[in-house]
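Comments concern the structure below.
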Amino acid sequence: MKIPAIVSTRRSRSLLLLALAASAWASALPAAEMPKRKPGLWEVNARMEGMPAMGAIQQCIDQHTDDMMQQQGKKEKQNCSVIDIKPQGNQVTVHSVCQVEGSTATTDAVFVGAFDTAYKGDMHTRFNPPMHGTSETRMSLDARWLGPCKPGQKPGDVIMPNVGGMNLKDMMKDPKVQEMMKRQK
């Protein structure tokens, strides 16, 4: 699989990883703690303070895709000294302390919604020492189920504005992406 040209710069790689993380954040948390997303086409709008808006990301998912993201989340768990997830009704709060690129990232997040059809999230992360000159970030996202995947789409397909389409399952197997994700730690 060819990685889109926009991924060539460090900032663009970070934006791509941010976008993919935002689109899958809730599904990457342990299965026992988070409700499953409904299979089909999801639209995720992620906004990060101080960054230009990326626009809506669309992701075609099935149960396997969400399970794959949970497995990735479990792999990342080894870099975290704290992951505290508290579901209560239609709200889930998360507190985590993880090592990322030589920095300690402390994240507090709140997700609210039905999760099978729509959810919203607000995340605040502090970096110590600052990562790439950034000491904190704030991100919010809105996700909603649009319906069945479009004809020709397969689970794992992601469409990002100004980047185009890619398949998340295929991308996760790409050695270049695996190396990029290792460097993000």
Side-chain angles (χ1 to χ4, degrees), residues 14-51 53-100 103-128 131 134-149 155-158 160 168-169 172 181 184-185:
S14 296
L15 281 172
L16 176 61
L17 290 173
L18 164 68
L20 293 175
S23 71
W25 176 260
S27 65
L29 297 172
E33 305 290 347
M34 295 296 287
K36 294 285 186 186
R37 293 187 297 170
K38 186 181 215 176
L41 187 61
W42 281 81
E43 180 179 84
V44 179
N45 278 294
R47 294 163 307 284
M48 181 177 251
E49 239 177 51
M51 299 284 276
M54 285 197 62
I57 299 163
Q58 290 190 350
Q59 182 181 21
C60 175
I61 69 159
D62 64 359
Q63 193 59 58
H64 177 74
T65 307
D66 263 6
D67 289 346
M68 180 186 74
M69 295 308 298
Q70 288 173 4
Q71 291 302 318
Q72 186 63 34
K74 288 177 185 175
K75 287 179 189 176
E76 297 302 318
K77 204 173 182 179
Q78 69 188 9
N79 299 319
C80 301
S81 59
V82 176
I83 297 181
D84 185 22
I85 303 167
K86 294 181 180 168
Q88 186 173 18
N90 72 338
Q91 179 174 302
V92 177
T93 59
V94 179
H95 173 75
S96 66
V97 179
C98 303
Q99 295 301 308
V100 181
S103 181
T104 300
T106 303
T107 300
D108 290 292
V110 177
F111 297 93
V112 178
F115 292 94
D116 62 340
T117 57
Y119 59 92
K120 294 179 182 221
D122 289 303
M123 293 164 268
H124 179 214
T125 303
R126 294 161 309 284
F127 300 98
N128 186 18
M131 188 170 71
T134 301
S135 59
E136 70 177 311
T137 62
R138 292 184 186 273
M139 183 172 71
S140 61
L141 63 91
D142 294 302
R144 66 186 178 109
W145 186 76
L146 299 177
C149 295
D157 282 352
V158 176
M160 296 175 57
L168 191 58
K169 292 192 286 188
M172 296 302 282
M181 291 180 76
Q184 295 294 320
K185 293 181 182 179

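- Applying the side chain to side chain donor-acceptor pair (under 3.5 Å) rule to Thr134 yields no partners; only residues at least two apart in sequence or on another chain are considered.
- Taken to the nearest 0.5 Å, the NZ atom of Lys38 stands 13.5 Å off from the CD atom of Gln63.
- The line from NE2 of His124 to CZ of Arg138 is 3.5 Å long, rounded to the nearest 0.5 Å.
- Remark: His95 engages Val82, Asp84, Val97, Thr106, Asp108 in a side chain to side chain contact (heavy atoms under 4.5 Å, CB included) (not counting sequence neighbours).
- Thr125 pairs by the side chain to side chain donor-acceptor pair (under 3.5 Å) definition with Thr107, not counting sequence neighbours.
- In this view, Ala118 and Arg144 satisfy the side chain to side chain contact (heavy atoms under 4.5 Å, CB included) rule, not counting sequence neighbours.
- Taking 4.5 Å as the limit, some side-chain heavy atom of Ile85 sits within range of a side-chain heavy atom of Val92.
- Taking the side chain as every heavy atom from C-beta outward, Val44 and Gln59 never approach each other to under 4.5 Å.
- Looking at Ser103, its side chain does come within 3.5 Å of a backbone N or O of Asn128 through a donor-acceptor pair.
- Not a single donor-acceptor pair under 3.5 Å links the side chain of Asp62 to the backbone N or O of Pro39.
- Across all their heavy atoms, Gly156 and Thr65 have their closest contact at N-OG1, 3.7 Å.
- Taking the side chain to side chain donor-acceptor pair (under 3.5 Å) definition, one finds that Ser140 meets it with Arg47, sequence neighbours left out.
- Taking the side chain to side chain contact (heavy atoms under 4.5 Å, CB included) definition, one finds that Gln91 meets it with Thr93, Val110, Val112, sequence neighbours left out.
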Test side-chain contact (heavy atoms from CB on, under 4.5 Å) applied to Thr104 and Gln99, step by step: CA-CA 5 Å; Thr104 300; Gln99 295 301 308; 2.8 Å; yes
Apply the test side-chain contact (heavy atoms from CB on, under 4.5 Å) to residues Met123 and Leu141: give CA-CA distance (whole Å), side-chain angles for both, the deciding distance (0.1 Å), then the verdict. CA-CA 9 Å; Met123 293 164 268; Leu141 63 91; 3.3 Å; yes
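- Between Tyr119 and Phe111, the ring planes lie perpendicular to each other; the angle is over 60°, past the 30° to 60° tilted range.
- Leu41 approaches Pro148 most closely through the heavy-atom pair CB-O, 3.8 Å.
- For the atom pair Thr117 OG1 and Leu146 CG, the distance stands at 11.5 Å (nearest 0.5 Å).
- Thr137 and Phe127 get closest at one heavy-atom pair: CG2-CE1, 3.8 Å.
- Interatomic distance, Glu136 CD to Glu49 CD, rounded to the nearest 0.5 Å: 7.5 Å.
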